[in-house]
Asks: 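This structure is in structure tokens; I'll ask about it shortly.
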Amino acid sequence: MIKRSVCFFMLYHKRPELTRMSIWHMAKVIKMFNEAGHSAQGIVFGDDPRQEEYAKSLGIDHITVPNKPLSRKFAQAYQYALLRETEYICKVDSNNFNSDKYWRKCIDVVSGEKVASFGTNRFTIVSSNPKQEKTCIFKTRKKIHLCNSGQFYLNWTLSSCVNFRSIYKEGQSFNFDGVINEKITSTYSSDTIRTISSHPDDCFDVKDGDDIHSYKSYIDKRPDTYPANLDRSELKNKYEEIRLLDEGFFSLENDKIVEPGAEPSET
């Protein structure tokens, strides 16, 4: 096995409980990669002192940056992650988590020959509200695009073809990851970005109402456009992130830290 280094990073704003869920998830993933023999670290970017304290309690660095302008925030996050000089960087979104099975596939890829960029092209939409049982599956529409959360980039690839001082337009408010994929593939080829998995459980996008694309906007198109996945209650039985979210372990009032891989009763 080839040992690699990875920097996981996250940008957050508002959505405090979901942000904590994703920070906790990042800590679990870092632990998985380190236990597999790689060298993994994490950074989160935002401006909430409470989230800074939470991240640091889990061994994750925090860099304070204002939310606006968004283009500058995204550019800074990528640049800071690249400056860690790890072989790969991987973005984890602040209302997302990925399955362990997906991360094990990523570990297998990282353990081999270098790949410019890779990830999954499917994710499942879930509501943060336990009463909203319906879920649905989204698949990226173009080959060059992957799910933002859990996409790996080779440091060398990004550094060689993306200028983060100019890649984003002034006032840009979305598609920050998409333009990076477009730049990579226009510089090299469409095959530069590899889909290593295409399972609905590869990634979960948890909606709480404070979203650019709402939960309702997806569910209203189920099942004709977006197929159904398991009901939320069934997914809760499979994934501890949803269970811990529902049990209040990610609320700002909860002063207990659940160590990744440990049951809440052990804290």
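Nothing here was measured: the structure is a model prediction, and the numbers come from that model.
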Asks: For residues F138 and V92: do they belong to one hydrophobic cluster (side chain heavy atoms under 4.5 Å, members Ile, Leu, Val, Met, Phe, Trp, Tyr)?
Replies: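 Different hydrophobic clusters.
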Asks: Would a 4.5 Å heavy-atom cut-off, applied to side chains only, mark K134 and I125 as touching?
Replies: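 SC-SC contact between K134 and I125 ruled out.
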Asks: Just to verify, which of K28, M26, R20 counts as forming a side-chain contact (heavy atoms from CB on, under 4.5 Å) with W24?
Replies: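 By the side-chain contact (heavy atoms from CB on, under 4.5 Å) criterion, W24 pairs with just one of K28, M26, R20: K28.
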Asks: Compare every heavy atom of I107 with every heavy atom of A36, then report the nearest pair and how far apart it is.
Replies: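 Heavy atoms only, the tightest pair is CB-CG2, 3.8 Å.
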Asks: Does F204 offer a backbone N or O that forms a donor-acceptor pair with the side chain of T124 under 3.5 Å?
Replies: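 Side chain of T124 to backbone of F204: no pair is present.
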Asks: Please tell me whether M32 and M10 are part of a single hydrophobic cluster in this structure, the criterion being side-chain heavy atoms less than 4.5 Å apart.
Replies: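 In one cluster with M32: M10, yes.
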Asks: Does S197 use its side chain to pair, donor to acceptor, with the backbone of Y102 at less than 3.5 Å?
Replies: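 Not confirmed, S197 side chain does not pair with Y102 backbone.
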Asks: Say whether, by atom type as modelled, one donor and one acceptor occur between the side chain of T135 and the main chain of L230 under 3.5 angstrom.
Replies: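 Checking the backbone N and O of L230 against the side chain of T135, a donor-acceptor pair under 3.5 Å is found.
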Asks: If we only count heavy atoms from C-beta on, is the H25 to N98 side-chain gap below 4.5 Å?
Replies: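 A side-chain contact under 4.5 Å exists here.
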Asks: Treating T19 as the side-chain partner and K14 as the backbone partner, does any N or O pair qualify as donor plus acceptor under 3.5 Å?
Replies: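 Indeed, once roles are kept as given, a pair shorter than 3.5 Å links the two residues.
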Asks: What heavy-atom pair brings A75 and F164 nearest, and what distance separates the two atoms?
Replies: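 That closest heavy-atom pairing would be CB-O, 3.3 Å.
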Asks: Is any side-chain heavy atom of N155 closer than 4.5 Å to one of L82?
Replies: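 L82 vs N155: side chains touch.
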Asks: To the closest 0.5 Å, what do you measure between CD1 (I63) and CD1 (I43)?
Replies: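 If we round to the nearest 0.5 Å, I63:CD1 and I43:CD1 are 5.0 Å apart.
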Asks: For the ring pair H62 and Y12, is the centre-to-centre distance below 6.0 Å?
Replies: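 Yes, the ring centres sit under 6.0 Å apart.
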Asks: If you compare all heavy atoms of S251 against all heavy atoms of E17, which two are closest, and at what distance to 0.1 Å?
Replies: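 Result for this residue pair: CB-OE2, 3.6 Å.
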Asks: Any non-hydrogen side-chain atom of Y153 less than 4.5 Å from a side-chain atom of V162?
Replies: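 No, their side chains stay 4.5 Å or more apart.
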Asks: Report yes or no: do S71 and E170 form a side-chain donor-acceptor pair below 3.5 Å?
Replies: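 The criterion, which ignores hydrogens and geometry beyond distance, is not satisfied for E170 and S71.
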Asks: Do the side chain of S5 and the main chain of S39 share a donor and acceptor less than 3.5 angstrom apart?
Replies: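 No, because the side chain of S5 does not come within donor-acceptor range (under 3.5 Å) of the backbone of S39.
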Asks: When you measure from the side chain of Q41 to the backbone of C7, do you find a donor-acceptor pair of N or O atoms at a distance under 3.5 Å?
Replies: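 Such a contact is absent between Q41 side chain and C7 backbone.
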Asks: On the 0 to 90° scale, with breaks at 30° and 60°, tag the Y88-F152 ring pair as parallel, tilted or perpendicular.
Replies: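 Because their plane-to-plane angle is over 60°, the rings of Y88 and F152 count as perpendicular.
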Asks: Once you round to the nearest 0.5 Å, how far does CE of M21 lie from CD of E240?
Replies: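 Answer rounded to 0.5 Å: 11.5 Å.
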Asks: Atom CG in N95, atom OG in S128: separation rounded to 0.5 Å?
Replies: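 Between N95 CG and S128 OG, I get 9.5 Å after rounding to 0.5 Å.
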Asks: Quick check against the 3.5 Å criterion: does Q51 have a side-chain atom that pairs as donor or acceptor with the backbone of P16?
Replies: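 Checked: pair present.
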Asks: Could you check whether any side-chain N or O of N34 sits under 3.5 Å from a backbone N or O of A40, counting only pairs where one atom can act as donor and the other as acceptor?
Replies: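 Answer holds: yes.
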Asks: Rounded to the nearest 0.5 Å, how far apart are CD1 of I242 and CG of L245?
Replies: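 The CD1 atom of I242 sits 8.0 Å away from the CG atom of L245.
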Asks: Got E241 and V126 here, is their nearest side-chain heavy-atom distance under 4.5 Å?
Replies: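 Answer no - side chains too far apart.
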Asks: Does one hydrophobic cluster hold both F74 and L83, with members joined at side-chain heavy-atom distances below 4.5 Å?
Replies: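 Result: no, two separate clusters.
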Asks: Does the side chain of F176 reach to within under 4.5 Å of the side chain of L70, using non-hydrogen atoms?
Replies: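 Touching, per the 4.5 Å side-chain cut-off.
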Asks: Of all heavy-atom pairs between H199 and R122, which one has the smallest distance, and what is that distance?
Replies: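 Smallest heavy-atom distance, with atoms named: O-CB, 3.8 Å.
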Asks: Run T192 and S117 through side chain to side chain contact (heavy atoms under 4.5 Å, CB included) and show every step you take.
Replies: CA-CA 7 Å; T192 304; S117 182; 5.7 Å; no
Asks: Heavy atoms, side chains only, cut-off 4.5 Å: are N129 and R232 in contact?
Replies: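 Contact flag for N129/R232 side chains = no.
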Asks: Got a donor-acceptor contact below 3.5 angstrom from the K207 side chain to the K216 backbone?
Replies: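 A pair under 3.5 Å: no.
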Asks: Identify the heavy atoms of I137 and A228 that sit nearest to each other, and give their distance.
Replies: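 Taking I137 first and A228 second, the nearest heavy atoms are CD1-O, 3.6 Å.
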Asks: Measure centre to centre between the rings of F8 and F33, then say whether the value is under 6.0 Å.
Replies: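 Here the rings of F33 and F8 have centres that are less than 6.0 Å from each other.
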Asks: Keeping the roles fixed (side chain from R15, backbone from S94), state whether a donor-acceptor pair exists under 3.5 Å.
Replies: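 Side chain of R15 to backbone of S94: no pair is present.
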Asks: When rounded to the nearest 0.5 angstrom, what distance separates CG in D201 from OG1 in T120?
Replies: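 Rounded to the nearest 0.5 Å, the CG-OG1 separation comes to 10.0 Å.
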Asks: Run the side chain to side chain contact (heavy atoms under 4.5 Å, CB included) check on L11 and K91 step by step: do they pass?
Replies: CA-CA 8 Å; L11 298 83; K91 184 163 159 288; 4.0 Å; yes
Asks: Consider only side-chain heavy atoms of I, L, V, M, F, W and Y, link residues closer than 4.5 Å, and tell whether L18 and Y215 are in one cluster.
Replies: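 No.
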Asks: Does the ring centre of Y80 sit less than 6.0 Å away from the ring centre of F9?
Replies: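 Aromatic pair excluded; centres sit 6.0 Å or further apart.
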Asks: Could you state the interatomic distance from SG (C203) to CG (N121), rounded to the nearest 0.5 Å?
Replies: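 These two atoms lie 11.5 Å from each other.
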Asks: Counting only heavy atoms not in K139, do more than 12 sit closer than 6.0 Å to its NZ atom?
Replies: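 Above 12, so yes.
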Asks: Below 30° counts as parallel, above 60° as perpendicular, anything between as tilted: where do the rings of Y218 and F123 land?
Replies: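 Taking F123 first and then Y218, their aromatic rings stand perpendicular (interplane angle over 60°).
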Asks: Quick one: do I144 and L146 end up in the same hydrophobic cluster if we chain Ile, Leu, Val, Met, Phe, Trp and Tyr together by side-chain heavy atoms under 4.5 Å apart?
Replies: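 Looking at the clustering, L146 is in a separate group from I144.
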Asks: Tell me the closest heavy-atom pair linking E87 and L154, and the distance in Å.
Replies: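 In terms of heavy atoms, the two residues are closest at O-CD1, 3.4 Å.
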Asks: Surrounding CZ of R84 (heavy atoms of other residues, nucleotides or ligands, distance under 6.0 Å), is the total greater than 12?
Replies: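 Yes, because the 6.0 Å sphere around CZ of R84 holds more than 12 heavy atoms from other groups.
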Asks: Kindly indicate, with the supporting measurements, whether the criterion side chain to side chain contact (heavy atoms under 4.5 Å, CB included) is fulfilled by Y168 and I180.
Replies: CA-CA 9 Å; Y168 298 132; I180 293 175; 3.5 Å; yes
Asks: Decide salt bridge (charged side-chain N to carboxylate O under 4.0 Å, His left out) for E234 and K238; before the verdict, give the C-alpha distance in whole Å, the side-chain angles of both, and the deciding distance to 0.1 Å.
Replies: CA-CA 7 Å; E234 295 175 279; K238 293 178 64 177; over 6 Å; no
Asks: Any heavy-atom pair between the side chains of T195 and K143 that's under 4.5 Å?
Replies: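 Result no, sub-4.5 Å side-chain heavy-atom pair not found.
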